[in-house]
Protein chains: 2
Amino acid sequence: MTSRNTPTRRHLLAELENTDRPVSAAELHQALVSAGLDVNKTTVYRQLDALVAEGLASELDLGEGIRRYELHHDNGEHAHFICTECGDVYCLPVDETVLARGCKEAEARGFAVTSCSLELRGVCSSCAAREAH
Amino acid sequence: MTSRNTPTRRHLLAELENTDRPVSAAELHQALVSAGLDVNKTTVYRQLDALVAEGLASELDLGEGIRRYELHHDNGEHAHFICTECGDVYCLPVDETVLARGCKEAEARGFAVTSCSLELRGVCSSCAAREAH
DNA sequence: TATACTATTGCAACTCATTTGCATTTGCAA
DNA sequence: TTGCAAATGCAAATGAGTTGCAATAGTATA
């Protein structure tokens with residue numbers, strides 16, 4: 001037997017489907033609690049681990065000191081932009097050839113590349129607009 | 001007044017200069033202690049923060065749950081390859097145009113990109129060789 | 001439908017990197 | 001020298017994530 005259809009899992013998947021940006025365990029836990037589900041934080045962590053192990057979700061670390069999760073996209077690789085002002089994370093589509101070329105040097109050294117991510121930091125348009133008072 | 005020339009700072013800079021891969025605060029602390037310097041871990045963290053603030057070093061998070069530091073290289077941007085077997089981190093030179101193209105999409109959305117990093121994961125050549133017994 | 005097996009959950013305690021408050025020490029400029 | 005801000009050490013706190021264990025609840029099977 002594998003994963004069971006529990007309330008936590010259902011809500012977690014629903015929550016992941018409803019966001020277009022990677023979310024943290026804490027954010028997910030908060031969302032489930034707000035939705036009236038009395039779920040423990042530990043359970044959220046374990047369910048997320050399970051989803052990742054099953055290949056339904058992927059885990060990412062954007063250098064904030066926490067992990068974020070997102071459902072697997074079939075629509076190819078993408079980059080992440082993190083706004084250093086508001087902390088918002090945006091997913092950006094990236095030309096496959098960009099990442100492929102980035103891997104070239106690693107492969108030339110005999111490294112087998114299994115995953116590849118491009119991470120951008122800066123100020124998002126909303127914050128830039130706000131600062132221009 | 002700004003940064004003072006303290007023993008911790010001197011040794012820390014020397015240690016950072018002597019490695020070709022990003023090092024963690026714990027590794028640096030261990031190195032200083034091994035070198036006979038009785039330095040507190042907190043001090044190492046604070047000195048590293050200072051070096052980053054001064055622009056001498058840069059901080060990076062490779063998704064290991066810890067932060068790594070490296071001296072600023074003038075020789076352009078580079079990518080990091082993390083071996084999922086042995087945990088070793090390698091710096092790889094990257095064609096500037098690769099990163100520039102990766103930023104294009106972000107800039108098209110009105111985001112001001114200030115930093116950009118490419119992170120690769122996979123198996124390094126040593127581990128691959130070892131596994132082929 | 002009842003039963004049994006195993007995945008899932010909650011709770012509390014734990015780990016571990018990093019931070020913080022505060023009193024003390026120490027570069028360094030005047 | 002002297003004074004003062006920067007740097008340090010120590011202990012305690014923070015916060016994300018993990019673990020052991022007993023209790024609960026899906027689900028396959030009889």
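Note on naming: letters A, B, ... go to the chains in the order of the sequence lines (proteins, then strands), and numbering restarts at 1 for each one.
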Figure out the [atom1]/[atom2] separation between [X] and [N], and round it to whole Å.
X: A:L60; N: D:dA16; atom1: CG; atom2: P; answer: 17 Å
X: A:R9; N: C:dG10; atom1: CZ; atom2: P; answer: 15 Å
X: B:E59; N: C:dT18; atom1: CD; atom2: P; answer: 9 Å
X: A:K41; N: D:dT19; atom1: NZ; atom2: P; answer: 17 Å
X: A:D49; N: C:dT9; atom1: CG; atom2: P; answer: 12 Å
X: B:I66; N: C:dC16; atom1: CD1; atom2: P; answer: 13 Å
X: A:D38; N: C:dT8; atom1: CG; atom2: C1'; answer: 15 Å
X: B:E64; N: C:dC16; atom1: CD; atom2: P; answer: 16 Å

Under a 4.0 Å N-O cut-off, is there an ion pair linking [X] with [Y]?
X: B:E85; Y: B:R121; value: no
X: A:E27; Y: A:R21; value: yes
X: A:E54; Y: A:R9; value: yes
X: B:E105; Y: B:R101; value: no

Can you pull out how bent the helix from C:dT1-D:dA30 to C:dA30-D:dT1 is, comparing the axes over its first five and last five pairs, to 10°? 30°

Partners passing ring pair (Phe, Tyr, Trp, His ring centres under 6.0 Å) against B:H11 (at least two apart in sequence or in another chain): none

For [X], report the nucleic acid contact type (base, sugar-phosphate, nothing); a contact means any heavy atom under 4.0 Å.
X: B:D61; result: nothing
X: A:T42; result: base
X: B:S24; result: nothing

Phosphate OP1/OP2 of [N] contacted by [X] side-chain N/O (<4.0 Å):
X: A:Q47; N: C:dA7; value: no
X: B:R67; N: C:dT19; value: yes
X: A:T6; N: C:dA7; value: no
X: B:N40; N: D:dT8; value: no
X: B:N5; N: C:dG27; value: no
X: B:Y45; N: C:dT19; value: no
X: A:T43; N: C:dG10; value: yes

Would you say the side-chain atoms of B:H29 pair up with the backbone N or O of B:V39, donor to acceptor, closer than 3.5 Å? yes

Please check if the side chain of A:T84 supplies one atom and the backbone of A:G122 the other of a donor-acceptor pair under 3.5 Å.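 Pair found, side chain donor or acceptor close to backbone of A:G122.
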
5'-most contact on DNA chain D: A:A25 or A:R46, nearest heavy atom basis?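 Residue closer to the 5' terminus by nearest nucleotide: A:A25.
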
side-chain contact (heavy atoms from CB on, under 4.5 Å) partner of A:E70, chosen from A:V89, A:L16, A:L60: A:L60

Closest nucleotide of DNA chain C for B:P7 versus for A:V44: which of these residues is on the 5' side? A:V44

Tell me if the side-chain of B:R4 makes a donor-acceptor pair with the base of D:dA6, cut-off 3.5 Å, by modelled atom types. yes

